[in-house]
J.: 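Here you go, one structure.
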Amino acid sequence: MAEKLRSIRGIHDGLPQQVEIWRKIESAARRVFARYAVAEVRLPILEPTELFVRSIGEATDIVSKEMYSFVDQGDAHICLRPEGTAGAVRAYLQAGLTRAGTQRWYYCGPMFRRERPQKGRLRQFQQIGVEWFGAAGPVEDVEVLAMAHDFLVEIGLSELRLELNSLGCPACRPAYRDRLVDYLQQRADHLCATCHERMDKNPMRVLDCKEEQCQQQLQDAPEMVAHLCQGCAGHFAAVRCGLDALAIRYQVNPRIVRGLDYYNRTAFEIVTDQLGAQGTVLAGGRYDGLVQELGGPATPAIGFAAGLERLAMLLDAPSPTSPDIAVVALGDVVMDWSLQQAAALRSRGISVIHCGGGSAKRQFKIADRELVRYTLIIGEDEMAQGKVTLRNMSTGEQQLLSPDEIVLPA
RNA sequence: GUGGAUGUAGCUCAAUGGUAGAGCCCCGGUUUGUGGUACCGGUGGUUGUGGGUUCGAGUCCCAUCAUCCACCCCA
C-alpha cells in the first residue's frame, strides 16, 4: 500500500465488539416495540434531495450545508438521507396507506450528515426511529413516550432524564414567536453574535444559548408553554396527565426546541450528562403537518429517533464471546478425521475452532487465547480407537470419550 | 464552517538538533502429546504526508491530512 487507505472522516467501522453492543440495543428495541404492536420498515438510504428540502426546511443547517447530495448519471438530484422521518412519510404516502388506519413503524439504519465530528457525533451514524401515522390524541403521545421509556429501561438505562415541551401549533406559535422576537429585540445589544443570527432564522433557539450573558437576558423571556392555544394547552395537559398515570418521571423544559421545522405540539428529549456536549440520546415529537406538506391528506403523526452510537457509549462492553471447543490435531495423519469431528460437533450446534495442526504447544496456545472451555485432543492413539480426548481447560481434567458422548454443561 | 489539543512499531509510550528505542502483543524455540508462568530468539518504522531552515530534523518553521474535544448544529 503506497498510501494508507482510511475510512472517510467521521465514518467509522463497526468492529465485532462494537457490533455486539449495537445488536443488544437493537434486539431490545425489537422486543419492546413488538409489545406496542410496532412493525419494522426498511426504507431507502438514497432519497430524492427534494424530499428533505421540502420537509426539513431549506434554511436548516441539515439541508443547507450538511447533506451528502449529488447528481447521478441520469441527472437525478439524490442524497444520502440525513434523518428518517421524511423518508417514512414518503413511503407511507407512496404505499397509499392514508386510509389504512394507524400505522406504527420503526426502522433502524444509517443516517448521514456532513458535520465536523466530535464526541457522540459522526458523519455516518445509526438511528433507531419510530413513526406513528394517524395518531392524533395525547394518549398516543403518552404511549410513544412510554415505549421510548420501556426501551431504555430494557437496555439498562433507567436513570436518563426525560424533558418535555410543547411547541404549539400554527394557531398559537406565530403569535408567540412575535412576542418572543419583540422581547429579544429589546435586549439585542446584550445578546451574542450567534443569537443575532438565531433571531432571524429560528428565534426559539436563542432560549437554548449556552452563553451565560445571553441566559441572564433570558431570565423572564416568554415561553411557549405559557402561550399555548386552548387545543394545544389541553393536549399538553393530557400528555402530562398520562405520564403521571404511568409513573414516568419527566420535567417540563420550555427551552427544548426541535431542530427540524416540521414539529408541533409535543416535543421531547431524553438526555444524559455523561456524553459531553452531545447529551441527547433520544429525541422526537409530534409532526401533524408533515404528511400534508409532502402532498398527502392532513394526517397527525408522532415519532422519535434514538442515536445508536450514543446509546452504546452509555453501556458497558459485553464480555467477549468464545468458542465452546478447540480441536487440537496431533500429526498430519489425523487431520482429515479431526476436521470431520469438528464438523460433527458444529452440526450439533456447538461452536468449534480448529487449531490447524502443528506443534501441540502452538495449538494449545491458540486454544488458550480463544478462551475456549474445552479442547478436543485428537492424536493417532485416539483415532485408532475411534475416540477423542476432551480436556477441561480450567481444571485440566481429561477424559477419553467416543465423539458422540460429548455433552457440554450449559 | 470556526477554535484548541494530539500524530514515533499492531498497542501504550521513550529518544538535549547528532546511529530511532522499551514494554506489551505477535511468530518461533526450550522433548513436533498439552495452554496460562519463566527463559531464549525473531518479525515489525520512508517518525501521518509534503515542503522549508540546517553540515545534520522524530525534534525548529510552514502547509496539508487525520484523530480527539469544544463552538455551531444535532441522534
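A note on names: the letters A, B, ... follow the listed sequences, proteins ahead of strands, and every chain is numbered from 1.
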J.: K210(A) has a side chain; which of U34(B), A75(B), C71(B) sits nearest to it?
T.: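 Closest nucleotide to the K210(A) side chain: C71(B).
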J.: Which whole number of Å gives the distance between the P atom of A9(B) and that of U46(B)?
T.: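 Taking atom P in both A9(B) and U46(B), they lie 9 Å apart.
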J.: In terms of side-chain geometry, is the basic nitrogen of R255(A) or E269(A) positioned less than 4.0 Å from the acidic oxygen of its partner?
T.: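 Salt bridge flag = no for E269(A) with R255(A).
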J.: Any salt bridge linking E293(A) with R54(A)? Criterion: basic side-chain nitrogen under 4.0 Å from a carboxylate oxygen.
T.: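 Salt bridge absent between E293(A) and R54(A).
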J.: Compare the minimum distances between each of G35(B), A70(B), A75(B) and the side chain of Q118(A), then state the nucleotide with the smallest one.
T.: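 So the side chain of Q118(A) is nearest to A70(B).
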J.: Looking at every strand, decide which applies to A367(A) at a 4.0 Å heavy-atom threshold: base, sugar-phosphate, or nothing.
T.: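 It contacts nothing in the nucleic acid.
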J.: C73(B), A75(B), G35(B): which one has an atom nearest the side-chain heavy atoms of A283(A)?
T.: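 Minimum distance to the A283(A) side chain belongs to A75(B).
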J.: Spell out yes or no: do the side chain of Q398(A) and the base of G33(B) have one donor N/O and one acceptor N/O closer than 3.5 Å?
T.: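 Answer is no: no donor-acceptor pair is held.
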J.: In whole Å, I'd like the distance from the CG atom of D368(A) to the C1' atom of C25(B).
T.: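 My rounded result for the distance is 14 Å.
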J.: For the C1' atoms, the ones on C24(B) and on G44(B), what distance do you get once it is rounded to whole angstrom?
T.: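 Rounded to whole Å, the distance is 14 Å.
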J.: Please work out if R362(A) contacts a base, only the sugar-phosphate, or nothing of the nucleic acid, heavy-atom cut-off 4.0 Å.
T.: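 R362(A): backbone/sugar contact only, no base atoms under 4.0 Å.
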J.: Picking from G35(B), A75(B), G33(B), which would you name as closest to the side chain of F364(A)?
T.: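 Closest nucleotide among those given: G35(B).
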J.: Looking only at atom P, what distance separates G52(B) and G10(B), rounded to whole Å?
T.: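 One P to the other, the span is 28 Å.
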J.: For the C1' atoms, the ones on A20(B) and on U67(B), what distance do you get once it is rounded to whole angstrom?
T.: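 It works out to 24 Å between them.
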J.: Rounded to whole angstroms, how far apart are CD on E370(A) and C1' on G36(B)?
T.: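 Atom-to-atom, E370(A) to G36(B), this comes out as 15 Å.
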J.: For G7(B), which nucleotide is its Watson-Crick or G-U wobble mate, given both distances must be under 3.5 Å?
T.: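 Its partner is C65(B).
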J.: Once you apply a heavy-atom cut-off of 4.0 Å, does Q278(A) come out as touching a base, just sugar-phosphate, or nothing?
T.: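 Base contact.
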J.: Can you tell me, in whole Å, how much space there is between the P of A22(B) and that of G42(B)?
T.: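 So the two P atoms sit 11 Å from each other.
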J.: Could you say whether C209(A) or I11(A) is positioned toward the 5' end of RNA chain B, judged by the nucleotide with the nearest heavy atom to each?
T.: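 The residue whose closest nucleotide sits nearer the 5' end is I11(A).
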J.: Can you tell me how far C1' of C71(B) sits from CD of E212(A), to the nearest Å?
T.: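 In whole Å, C71(B) C1' and E212(A) CD are 16 Å from each other.
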J.: Taking pairing as Watson-Crick or G-U wobble with both contacts under 3.5 Å, can you name the mate of U43(B), or confirm there isn't one?
T.: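 Paired with U43(B), as far as the under-3.5 Å criterion goes, is no nucleotide at all.
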J.: Under a 4.0 Å threshold between the charged nitrogen and the carboxylate oxygen, would R391(A) count as salt-bridged to E397(A)?
T.: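 Judged by the 4.0 Å cut-off on N to carboxylate O distance, E397(A) and R391(A) do not form a salt bridge.
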J.: Respond yes when some side-chain nitrogen or oxygen of R9(A) is under 4.0 Å from OP1 or OP2 of U67(B), and no when none is.
T.: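 Yes, such a contact exists.
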J.: Atom NZ of K365(A) and atom C1' of C25(B): how far apart are they, to the nearest Å?
T.: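 Distance check: K365(A) NZ to C25(B) C1' gives 12 Å.
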J.: If pairing requires Watson-Crick or G-U wobble contacts with both distances under 3.5 Å, which nucleotide is the partner of A38(B)?
T.: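 A38(B) is paired with U30(B).
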J.: Roughly how many Å is it from CD1 in I377(A) to C1' in U34(B), rounded to a whole number?
T.: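 For the pair I377(A) CD1 and U34(B) C1', the rounded distance is 6 Å.
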J.: From the set C69(B), G33(B), C68(B), return the single nucleotide nearest to any side-chain atom of P117(A).
T.: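 Of all the options, the side chain of P117(A) is nearest to C68(B).
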J.: Using atom C1' of each nucleotide, how far apart are G45(B) and A14(B) to the nearest Å?
T.: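 So the two C1' atoms sit 15 Å from each other.
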J.: For the side chain of E66(A), counting heavy atoms from C-beta on, which of C73(B), U30(B), U34(B) is nearest?
T.: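 Of the options given, the side chain of E66(A) lies nearest C73(B).
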J.: Checking all strands, does G10(A) fall into the base, sugar-phosphate, or nothing category for heavy-atom contacts under 4.0 angstrom?
T.: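 If one applies the 4.0 Å heavy-atom cut-off, G10(A) turns out to touch the sugar-phosphate alone, with no base involved.
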J.: Using the C1' atom as the reference point in each nucleotide, state the distance between C25(B) and G36(B) in Å, no decimals.
T.: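 Going atom to atom, C1' in each nucleotide, I get 15 Å.
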J.: Looking across every strand, which nucleic acid part, if any, lies under 4.0 Å from M393(A) by heavy atom: base, sugar-phosphate, or nothing?
T.: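 Result for M393(A) = base.
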J.: Nearest whole angstrom, please: distance from the C1' of C71(B) to the CZ of R198(A).
T.: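 In whole Å, C71(B) C1' lies 10 Å from R198(A) CZ.
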J.: Measure from CG on L122(A) to P on C68(B) and round the result to the nearest Å.
T.: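 Interatomic distance, CG of L122(A) to P of C68(B): 8 Å.
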J.: Checking all strands, does K119(A) fall into the base, sugar-phosphate, or nothing category for heavy-atom contacts under 4.0 angstrom?
T.: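 Answer is sugar-phosphate: K119(A) comes under 4.0 Å of backbone atoms only.
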J.: What integer distance in Å separates Q363(A):CD from G36(B):P?
T.: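 That distance rounds to 14 Å.
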J.: In terms of the nearest nucleotide of RNA chain B, which residue is placed more toward the 5' end: E380(A) or S7(A)?
T.: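 The 5'-side residue here is E380(A).
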J.: For G48(B) and R6(A) - does any side-chain N or O of the residue sit under 4.0 Å from the phosphate oxygens OP1/OP2?
T.: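 Indeed not, no polar side-chain atom of R6(A) lies that close.
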J.: With the threshold set at 4.0 Å, does a side-chain nitrogen-carboxylate oxygen contact exist between R123(A) and E115(A)?
T.: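 Looking at E115(A) together with R123(A), the answer is no, because their closest N to O distance does not fall below 4.0 Å.
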J.: Suppose we define a pair by two distances each less than 3.5 Å, Watson-Crick or G-U wobble; what does A20(B) pair with here?
T.: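 Matched A20(B) with nothing under the 3.5 Å cut-off.
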J.: Scan every strand shown for a Watson-Crick or G-U wobble partner of A70(B), both distances under 3.5 Å, and answer none if you come up empty.
T.: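 U2(B) is the nucleotide pairing with A70(B).
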J.: Kindly indicate whether the side chain of R391(A) and the base of G35(B) share any N or O donor-acceptor pair separated by less than 3.5 Å?
T.: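 Between G35(B) and R391(A), which were checked side chain against base, a qualifying N/O pair under 3.5 Å is present.
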J.: Which one of V388(A), L330(A), L400(A), L390(A) satisfies the side chain to side chain contact (heavy atoms under 4.5 Å, CB included) criterion with I377(A)?
T.: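 Exactly one option meets the side chain to side chain contact (heavy atoms under 4.5 Å, CB included) with I377(A), and it is L330(A).
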J.: Determine, for K24(A) against E26(A), whether the closest basic-nitrogen to carboxylate-oxygen distance falls under 4.0 angstrom.
T.: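 Judged by the 4.0 Å cut-off on N to carboxylate O distance, K24(A) and E26(A) do not form a salt bridge.
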J.: Give the ring-plane orientation class for F304(A) versus F268(A), where under 30° counts as parallel, over 60° as perpendicular and anything between as tilted.
T.: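 F304(A) vs F268(A) ring planes: perpendicular.
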J.: Taking side chain as C-beta onward, heavy atoms only, is Y36(A) less than 4.5 Å from V130(A)?
T.: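 Not touching, per the 4.5 Å side-chain cut-off.
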J.: Side chain to side chain donor-acceptor pair (under 3.5 Å) between Q217(A) and R187(A): does it pass, once the steps are laid out?
T.: CA-CA 7 Å; Q217(A) 294 299 316; R187(A) 281 145 237 260; 4.7 Å; no
J.: Measuring from the side chain of R116(A) (C-beta onward, heavy atoms only), which nucleotide among A70(B), G35(B), C73(B) has the closest atom?
T.: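 Within the option list, the nearest is A70(B).
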J.: Roughly how far apart, to the nearest Å, are C13(B) and G58(B) at atom C1'?
T.: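 Those two atoms are separated by 14 Å.
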J.: As a test of reading the structure: which of U34(B), G1(B), A75(B) is closest to the side chain of R310(A), going by heavy atoms?
T.: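 So the side chain of R310(A) is nearest to A75(B).
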J.: Which is true for G276(A) with a 4.0 Å heavy-atom rule: it touches a base, it touches only sugar-phosphate, or it touches nothing?
T.: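 Sugar-phosphate only.
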